[in-house]
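Down below is the structure, laid out as C-alpha cells.
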Amino acid sequence: MDYSSPKVRIWQVVSLVPAGSVVTYGQIAHMAGLPHHARMVGSVLKQLPPDSSIPWHRVINCQGRISFPQGSPQYLRQQERLLAEGIEFMAERISLQQFQWQGGFES
DNA sequence: CCCGTGACGCCAC
DNA sequence: AGTGGCGCCACGG
C-alpha cells in the first residue's frame, strides 16, 4: 500500500479534523500538499466506504455550505452529523469564521 | 487522445 | 444574493 499517494494523504488530513470544527475542500487539498485539487478531495471522499471512520462530514465548501443538493439524503445525513457535534446552521450555512478548523496554520 | 463530468473555487455581473 | 463562466485537474468512456 502506498501511504504517500494523494488519496491517502487526503484521508490523513481529513482524519485530523476535530469534532465540532469544519474545513473546506480547498483547505484539505492545500494541507495535503495538493493545491488546486479541491475537486479531487470531493471525488476521494466520495469513494469512501459507508462504514469509514474518516470524518468526511466535516468537509464543506468555501461558502460554508454542504456540497449536496439541499434536502437530499446525503445532505441530511451530513447535516445531522454536524449538528450532533454542535455546529450551527444559519439559513443552510455554517459560519466559517466561527467553526473552520485552523489546524497547523495559525500563530 | 479527445471529451464530458464533478462532494470545488474565484470573479464578474 | 443568485447566476454564470472559467480555471483547475483526475478519471472514465
Side-chain angles (χ1 to χ4, degrees):
Chain A
M1 190 58 169
D2 180 5
Y3 286 93
S4 65
S5 69
K7 227 195 273 188
V8 175
R9 285 212 297 280
I10 288 172
W11 289 340
Q12 297 178 323
V13 175
V14 174
S15 62
L16 295 177
V17 184
S21 296
V22 296
V23 287
T24 67
Y25 293 92
Q27 185 184 352
I28 289 296
H30 187 73
M31 292 174 77
L34 300 163
H36 313 305
H37 281 69
R39 303 192 77 136
M40 189 197 215
V41 174
S43 85
V44 166
L45 294 185
K46 184 176 174 182
Q47 297 169 43
L48 286 175
D51 58 322
S52 171
S53 60
I54 293 178
W56 54 270
H57 57 282
R58 294 177 192 145
V59 186
I60 60 179
N61 62 35
C62 68
Q63 305 169 79
R65 299 172 138 291
I66 288 175
S67 292
F68 280 122
Q70 187 181 346
S72 66
Q74 302 226 71
Y75 182 100
L76 297 174
R77 190 151 54 245
Q78 183 168 7
Q79 183 178 47
E80 283 292 313
R81 287 175 172 251
L82 292 174
L83 288 172
E85 298 184 349
I87 289 173
E88 302 168 31
F89 282 77
M90 290 164 32
E92 315 307 322
R93 255 189 294 136
I94 295 170
S95 167
L96 291 179
Q97 180 75 73
Q98 184 177 0
F99 297 103
Q100 181 170 38
W101 183 48
Q102 305 285 272
F105 287 107
E106 59 208 324
S107 50

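What's counted below: heavy atoms across the whole structure, side chains too, no hydrogens, waters or symmetry copies. Lettering of chains follows the sequences in order, A, B, ..., and the numbering in each one begins at 1.
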Roughly how far apart are [X] [atom1] and [Y] [atom2], rounded to 0.5 Å?
X: Ile10(A); Y: His37(A); atom1: CD1; atom2: NE2; value: 8.5 Å
X: Ile94(A); Y: Leu82(A); atom1: CD1; atom2: CG; value: 5.0 Å
X: Arg65(A); Y: Leu96(A); atom1: CZ; atom2: CG; value: 11.5 Å

Tell me whether [Y] is reachable from [X] by hopping between hydrophobic residues (I, L, V, M, F, W, Y) whose side-chain heavy atoms are closer than 4.5 Å.
X: Phe68(A); Y: Ile54(A); value: no
X: Trp56(A); Y: Val22(A); value: no
X: Ile60(A); Y: Phe99(A); value: yes

Tell me every residue that passes salt bridge (Lys or Arg N to Asp or Glu O under 4.0 Å) with Glu85(A), counting only those two or more places apart in sequence or in another chain.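 Testing Glu85(A) for salt bridge (Lys or Arg N to Asp or Glu O under 4.0 Å), a comparison that skips the adjacent residues, returns Arg58(A).
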Got a sec, which residues hit side-chain contact (heavy atoms from CB on, under 4.5 Å) with [X], two or more places apart in sequence or on another chain?
X: Ala38(A); value: Tyr25(A)
X: Pro18(A); value: Ser21(A), Trp101(A)
X: Pro49(A); value: Asp51(A), Ser52(A)

Could you tell me the boundaries of the chain A footprint on DNA chain B, defined by atoms under 4.0 Å from its heavy atoms?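 For DNA chain B, the relevant span reads dG6(B) to dC10(B).
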In dot-bracket, 5' to 3', how would DNA chain C read with Watson-Crick or G-U wobble pairs under 3.5 Å, [ ] for crossing ones and | for pairs to another strand? .||||||.|||||
N/O donor to acceptor pairs below 3.5 angstrom from side-chain atoms of residues 73-80 of chain A, sequence neighbours left out:
residue	atom	partner	partner atom	Å
Tyr75(A)	OH	Glu92(A)	OE1	2.7
Gln78(A)	NE2	His57(A)	O	2.9
Gln78(A)	NE2	Val59(A)	O	3.0

Would you please name every residue forming a side-chain hydrogen bond (donor to acceptor under 3.5 Å, both in side chains) with Ser67(A), sequence neighbours left out?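 Here the qualifying residues are Asn61(A).
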Looking at DNA chain B, which of residues 61-87 of chain A put a heavy atom within less than 4.0 Å of it?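 DNA chain B contact set from residues 61-87 of chain A: Asn61(A), Cys62(A), Ser67(A), Phe68(A).
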Below 4.0 angstrom, which residues in residues 88-98 of chain A have at least one non-hydrogen atom near DNA chain B?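 The stretch gives none, as no residue of it lies under 4.0 Å from the strand.
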What does the list of N/O pairs under 3.5 Å between the protein and nucleotides 9-13 of chain C look like, with a distance for each?
residue	atom	partner	partner atom	Å
dC9(C)	O3'	His37(A)	NE2	3.4
dA10(C)	OP1	His37(A)	NE2	3.2

If you look only at distance, which donor and acceptor atoms sit under 3.5 Å apart when one is on a side chain in residues 40-48 of chain A and the other is two or more places apart or in another chain?
residue	atom	partner	partner atom	Å
Ser43(A)	OG	Met40(A)	O	3.1
Gln47(A)	NE2	Ser43(A)	O	3.1

In this structure, which one of Val8(A), Val13(A), Val14(A) forms a side chain to side chain contact (heavy atoms under 4.5 Å, CB included) with Trp11(A)?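 Among Val8(A), Val13(A), Val14(A), the one meeting side chain to side chain contact (heavy atoms under 4.5 Å, CB included) with Trp11(A) is Val8(A).
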Check: Ile28(A) main-chain N/O paired with His30(A) side-chain donor or acceptor under 3.5 Å: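 Checked: no pair found.
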